[in-house]
Undergrad: 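Here it is, the structure, as structure tokens.
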Amino acid sequence: MKIPYFILITCWCLLFGSSPMQGQELVQIKKKYRKMLIPASDNSDTLMAALVKIPKEKIVSDQMVQELMNRYPFDLSAIQEYLKKVRPDGSFSDIDYQDTKRSGWQPKQHAERVLELCKLYESPTTFYYHSDTLRRTIHQLIHFWLEKKPKCLNWWYNQIGVPRSFGQAFLLFEDQMTEKEMQGAIEIMNQSKFGMTGQNKVWEASNVMIRGLLQNDEILVKAARDTIFSEIRNNGTDGIQPDWSYQLHGPQLQFGNYGMAFLSSMTFFYQLFQGTTYQMSDDQTQILTHLINDGFRWTIWHRQMDINALGRQLFHNGSIHKGYCLAFAAEEMGIGDFPLQGNDFIGHKHFPYSDYTVHRMANWMASLRMSSLRTIGTEYVNEDNALGNYMGDGGMYIYTSDNAYMDALPIWDWRKIPGVTTFESSRPVVFSKKRNHSNLVGGIHDGCYGMSAMEYDRDGIKAHKCWIFTPKMVLCLGAGIQADSSLAVTTCIDQRLANGQLTVFNGRQWRSIEKAERLQGKERFLHHNIGYIPLERMTIQAEHALKTGSWSENMRMYPFEEVQDTLMTLVIHHGVKPQAQTYAYVILPEANPSSVMMFKEKDVDIVQNTDSVQMVTGKALKGKYWAVFYRPTSLRVKGKPLSISQPGIYYMERTQQGFHIIKRIVFRP
């Protein structure tokens, strides 16, 4: 008896879960994947036009920056230079294959060059298109890697980084590969397995997917696709958080590091699978849209990412590169409006799951990164961020029109991060894994005004710190500052690359600060349209001086190369073994000599600034009261009783009967 053909096909599908239609779809997906890998742009692509004006990085460790560099049009002169360095055995003479660095591992450049050459081979835009000479060179380079099998001390390169670069190259070069090369390619791709969490899980599954495409294995491609998209969730575990921040390596803010890689991966696969049976669900698309609009968008200022959001990846031009990575990812989802200049995204947001605050106005932005027993402030991994121990201890940055912080990193004093209270010492910073030993950390806002607060207890210093954000200023308070060390304690008001003179007003006249001065009183300062106004007598070290340093001091992947520039620093000195010390100052981000001189202290009424209560009101706050209570408290304010039973941050107004709580947040355990 003859069985009809369609019955045979149906039985095959039931047994093996695939069909000729699905097989054809896999062919189309592979074709689309190849097309997406080859750089292409037109005159209407303003984002690409702006990107190519930024010089390509010569030394790259971050995978996202590498993939951003891969978007650039082919630099034929650079390609011709490294093609001259191909040895007969298929190695490059300018790559150290014995490199032992855990970040910026040189042999990965071999894989990146193979990928670039495969793109060049398949791109009809140059004379290298399907060139016999280039094809032979690519075979040479692949043969070398398959024979020598270089390994890095950092697992990430072996399991993720190298398979990712080579895998894409293999997809492009598949039709030219011999059976032996394909066997070697599958061996490389087998380094990636299903497992891990967060973006590492996504990267590994992405590599498994490439293996599935190379083997035409629909079941494996489907499993990889399901694994990748399974991370599109915001249930509070690794990855997307309910407040739309992104965490990995524990409860640690990772917008710019793993979060940016996650988003770029997801938007790539969103495009790749769109219009197929593999495409992303509407719910998953909605989550990614929220992640961009309610999370990442807050971190971007003039298409540059906030340093507080970069994680440990404080590479050269890191804030610029991450800003462009986000702009491209959003564009792939059909989401725009990440302007190179200007800002129409105004408001205030606190991310409670990551202890992170952003305040945005039309012409300036402030960001604050705190930490607690719940959250990790920052990390030092694979020789990245060796000196950044204090970055999550209340680092607050004011952004206007320049890149004053990122460019200052090689010459920074890493004990004087803006907003942070630390010991003063000439010794190198030693990275500590100790968390801030308090959960009295949080933030509250009304959409335009906001308050964030942190009880600080870490590395031998205790302090109670709060920040009040308004449309025109940031008010910074500190109280209960104490330490038992013989080292002096300081709080940095600001440290940034100098842009013009640092001037001081003593109540009668302005003058420039030359080099360094220690002032005792309430002198006001102005630098590059930012005013700094003490609200109590303090000892302030003001400095405008030439400094030297190197990117390699904090990011060890870089070779030592001295950088020299002028740094502006304002630091409060609390002395040795301070007890119950305080500070209070205002930062005016849109200032000029007149506005700094005319600022009225009485517009800011500091009701109380102690280790129990920090409360402010005044005309600058529209008469409302903003307060943080670190313990249950009863007191009288302006003749009215106020009793607070739950520690937290409170936004209140004074009434005839007493105080009306408009909004509050009780500190999370």
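Just so you know, residue 1 is the first one in the sequence shown, and it goes up from there. Worth saying up front: this structure is predicted, and the values here are computed from it rather than measured.
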Undergrad: Verify whether one side chain among Q66 and N70 offers a donor that lies under 3.5 Å from an acceptor in the other.
TA: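 Short answer, yes.
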Undergrad: Check the pair K222, Y278 against side chain to side chain contact (heavy atoms under 4.5 Å, CB included), reporting the backbone distance first and the verdict last.
TA: CA-CA 7 Å; K222 177 68 164 55; Y278 293 82; 4.2 Å; yes
Undergrad: Using atom types as modelled and distance alone, determine if a side-chain donor or acceptor of S192 lies under 3.5 Å from a backbone N or O of Q159.
TA: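 Flag set: sc S192 to bb Q159 pair under 3.5 Å.
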Undergrad: Under 4.0 Å between a Lys/Arg side-chain N and an Asp/Glu carboxylate O for K322 and D62?
TA: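 Yes.
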Undergrad: Does N158 reach the main-chain N or O of K151 with its side chain, forming a donor-acceptor pair under 3.5 Å?
TA: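 Side chain of N158 to backbone of K151: no pair is present.
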Undergrad: Verify the neighbour count for atom NZ of K148: are there more than 12 heavy atoms of other residues, nucleotides or ligands below 6.0 Å?
TA: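 No, not enclosed.
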Undergrad: Has the side chain of D384 got a donor or acceptor atom that lies under 3.5 Å from a matching backbone atom of M555?
TA: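 No.
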Undergrad: For residues Y356 and D306, is any side-chain donor paired with an opposing acceptor at under 3.5 Å?
TA: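 There is such a pair (donor and acceptor under 3.5 Å, judged by atom type) between the side chains of Y356 and D306.
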Undergrad: Please work out which of the three classes, parallel, tilted or perpendicular, describes the rings of F170 and F166, given edges at 30° and 60°.
TA: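 Parallel: the ring planes of F166 and F170 meet at under 30°.
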Undergrad: Tell me, with the steps shown, if W105 and Y157 meet ring pair (Phe, Tyr, Trp, His ring centres under 6.0 Å).
TA: CA-CA 8 Å; W105 186 55; Y157 285 94; 5.8 Å; yes
Undergrad: How close do P163 and I188 get, heavy atom to heavy atom, and via which atoms?
TA: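 What the structure gives for the nearest pair is CG-O, 3.8 Å.
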Undergrad: Which label fits H445 and H348: parallel for a plane angle under 30°, tilted from 30 to 60°, or perpendicular past 60°?
TA: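 Tilted.
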Undergrad: What I want to check is whether the side chains of K101 and S61 have a donor and an acceptor closer together than 3.5 Å.
TA: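 The criterion, which ignores hydrogens and geometry beyond distance, is not satisfied for S61 and K101.
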Undergrad: Which heavy atom in A261 sits nearest to a heavy atom in W203, and how many Å separate them?
TA: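 Nearest pair, atom of A261 first, then W203: CB-CZ2, 3.3 Å.
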Undergrad: Enter the distance from E174:CD to N216:CG here, rounded to the nearest 0.5 Å.
TA: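 If I round to the nearest 0.5 Å, the distance is 6.5 Å.
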Undergrad: Measure the CD1-CE distance between I300 and M365 for me, rounded to the nearest 0.5 Å.
TA: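 One gets 8.0 Å once the value is rounded to the nearest 0.5 Å.
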Undergrad: Under 6.0 Å from the CG atom of D337, do we count more than 12 heavy atoms belonging to anything else shown?
TA: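 Buried by this count: over 12 neighbours within 6.0 Å.
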Undergrad: Considering the options T125, I38, L134, which one meets the side-chain contact (heavy atoms from CB on, under 4.5 Å) requirement together with L120?
TA: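 So the option named by the test is L134.
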Undergrad: Can you confirm whether the side chains of Q183 and E187 place a donor and an acceptor under 3.5 Å from each other?
TA: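 Result is no, nothing qualifies.
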Undergrad: Just by modelled atom types, is the F74 backbone N or O under 3.5 Å from a matching donor or acceptor in the K119 side chain?
TA: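 Between the backbone of F74 and the side chain of K119 there is no qualifying donor-acceptor contact (under 3.5 Å).
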Undergrad: Decide whether K32 and Q274 meet the rule of one side-chain donor and one side-chain acceptor closer than 3.5 Å.
TA: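 No pair is found: no donor N or O on one side chain lies under 3.5 Å from an acceptor on the other.
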Undergrad: May I ask you to say whether R312 pairs ionically with E379, meaning some side-chain N is under 4.0 Å from a carboxylate O?
TA: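 Yes.
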Undergrad: Could you check whether Q176 and E122, counting side-chain N and O atoms only, form a donor-acceptor pair closer than 3.5 Å?
TA: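 No pair is found: no donor N or O on one side chain lies under 3.5 Å from an acceptor on the other.
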Undergrad: So, taking the atom named CZ in R225 and the one named CD in E218, what distance separates them when rounded to the nearest 0.5 Å?
TA: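 So the CZ of R225 and the CD of E218 are separated by 14.0 Å.
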Undergrad: What heavy-atom pair brings T357 and H350 nearest, and what distance separates the two atoms?
TA: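 Residues T357 and H350, closest heavy atoms: OG1-ND1, 2.7 Å.
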Undergrad: Quick one: does any side-chain atom of Q247 pair with a main-chain N or O of Y353 as donor and acceptor, under 3.5 Å?
TA: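 A pair under 3.5 Å: yes.
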Undergrad: Using a distance-only test with no angle check, is there a side-chain donor-acceptor pair under 3.5 angstrom linking N257 and Q313?
TA: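 Yes, a side-chain donor-acceptor pair sits under 3.5 Å.
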Undergrad: Would I376 and H249 satisfy side chain to side chain contact (heavy atoms under 4.5 Å, CB included), going step by step from the backbone distance to the final call?
TA: CA-CA 9 Å; I376 300 169; H249 289 183; 6.0 Å; no
Undergrad: Show your working on side chain to side chain contact (heavy atoms under 4.5 Å, CB included) between I228 and S206 and close with a plain yes or no.
TA: CA-CA 7 Å; I228 291 167; S206 300; 3.7 Å; yes
Undergrad: Do the ring planes of H110 and F92 sit parallel (below 30°), tilted (30 to 60°) or perpendicular (above 60°)?
TA: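 Ring orientation, 0 to 90° scale: perpendicular.
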Undergrad: Are Y246 and F351 near enough that their ring centres are under 6.0 Å apart?
TA: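 Here the rings of F351 and Y246 have centres that are no less than 6.0 Å from each other.
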Undergrad: So which heavy atom on W145 is nearest to which on P107, and how close?
TA: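 Heavy atoms of W145 and P107 come nearest at CZ3-O, 3.4 Å.
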Undergrad: Does the structure place the NZ or CZ of R135 under 6.0 Å from the centre of the six-membered ring of F173, at an angle of no more than 45° from the ring's axis?
TA: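 No, R135 does not sit over the ring of F173.
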Undergrad: So for atom NZ, which belongs to K193, do other residues, nucleotides or ligands contribute more than 12 heavy atoms lying within a distance under 6.0 Å?
TA: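 Enclosed.
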Undergrad: Distance under 6.0 Å and angle within 45° of the ring axis: does K56 meet both against Y72?
TA: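 Yes, cation above the ring, under 6.0 Å and within 45°.
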Undergrad: Can you say whether the rings of W244 and H290 are parallel (under 30°), tilted (30 to 60°) or perpendicular (over 60°)?
TA: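 Ring orientation of W244 relative to H290: parallel.
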Undergrad: Tell me if a side-chain donor or acceptor on R668 pairs with a main-chain N or O of P352 at a distance below 3.5 Å.
TA: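 Yes.
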Undergrad: Look at the rings of F269 and F273 and say which category their plane angle falls in: under 30° parallel, 30 to 60° tilted, over 60° perpendicular.
TA: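 Answer is parallel, since the angle falls under 30°.
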Undergrad: Measure across S452 and M370 and return the closest heavy-atom pair with its distance rounded to 0.1 Å.
TA: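 So the minimum-distance heavy-atom pair works out to CB-CE, 3.9 Å.
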Undergrad: Establish, yes or no, whether the cationic atom of R297 lies under 6.0 Å from the six-membered ring centre of F338 and within 45° of the ring axis.
TA: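 Checked: cation-pi criterion met.
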Undergrad: Is it true that R233 and E231 make a salt bridge, defined as a side-chain N closer than 4.0 Å to a carboxylate O?
TA: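 Salt bridge present between R233 and E231.
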Undergrad: Can you give me the closest heavy-atom contact between R435 and L373, atom names plus distance?
TA: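 Where R435 meets L373 most closely, the heavy atoms are NH1-O, 2.8 Å.
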Undergrad: Keeping the roles fixed (side chain from S165, backbone from V162), state whether a donor-acceptor pair exists under 3.5 Å.
TA: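 Between the backbone of V162 and the side chain of S165 there is no qualifying donor-acceptor contact (under 3.5 Å).
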Undergrad: What distance separates H143 NE2 from L146 CG, expressed to the nearest 0.5 Å?
TA: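 One gets 8.0 Å once the value is rounded to the nearest 0.5 Å.
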Undergrad: Just by distance, do the side chain of R374 and the backbone of V441 share a donor-acceptor pair under 3.5 Å?
TA: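 Such a contact is found between R374 side chain and V441 backbone.
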Undergrad: Between Y121 and H130, does the ring pair (Phe, Tyr, Trp, His ring centres under 6.0 Å) criterion hold? Intermediate values first, please.
TA: CA-CA 5 Å; Y121 181 80; H130 288 179; 5.0 Å; yes
Undergrad: Could you walk me through whether T276 and Q28 pass the side chain to side chain contact (heavy atoms under 4.5 Å, CB included) check?
TA: CA-CA 9 Å; T276 74; Q28 294 303 314; over 6 Å; no
Undergrad: Starting at CE of M557, measure out to CD of Q106 and round the result to the nearest 0.5 Å.
TA: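 If I round to the nearest 0.5 Å, the distance is 10.0 Å.
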Undergrad: Let me confirm one number: the CG-CG distance from N308 to L253, rounded to the nearest 0.5 Å.
TA: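 Output value for this atom pair is 8.0 Å.
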Undergrad: Would you call R71 and E332 a salt bridge, taking side-chain N to carboxylate O under 4.0 Å as the test?
TA: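 Judged by the 4.0 Å cut-off on N to carboxylate O distance, R71 and E332 do form a salt bridge.
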Undergrad: Before giving the answer on side-chain hydrogen bond (donor to acceptor under 3.5 Å, both in side chains), spell out for D243 and S245 the whole-Å C-alpha distance, their side-chain angles and the decisive distance to 0.1 Å.
TA: CA-CA 6 Å; D243 60 4; S245 59; 2.7 Å; yes
Undergrad: Taking atom types as modelled and ignoring hydrogens, do the side chains of Q241 and S354 form a donor-acceptor contact shorter than 3.5 angstrom?
TA: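 Absent: no donor and acceptor within the cut-off.
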Undergrad: Do H302 and Y399 have side-chain N/O donor and acceptor atoms under 3.5 Å apart?
TA: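 Absent: no donor and acceptor within the cut-off.
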Undergrad: Counting only heavy atoms from other residues, nucleotides and ligands, does the tally under 6.0 Å from NZ of K434 exceed 12?
TA: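 No - once you tally the heavy atoms of other residues, nucleotides and ligands closer than 6.0 Å, there are 12 at most.
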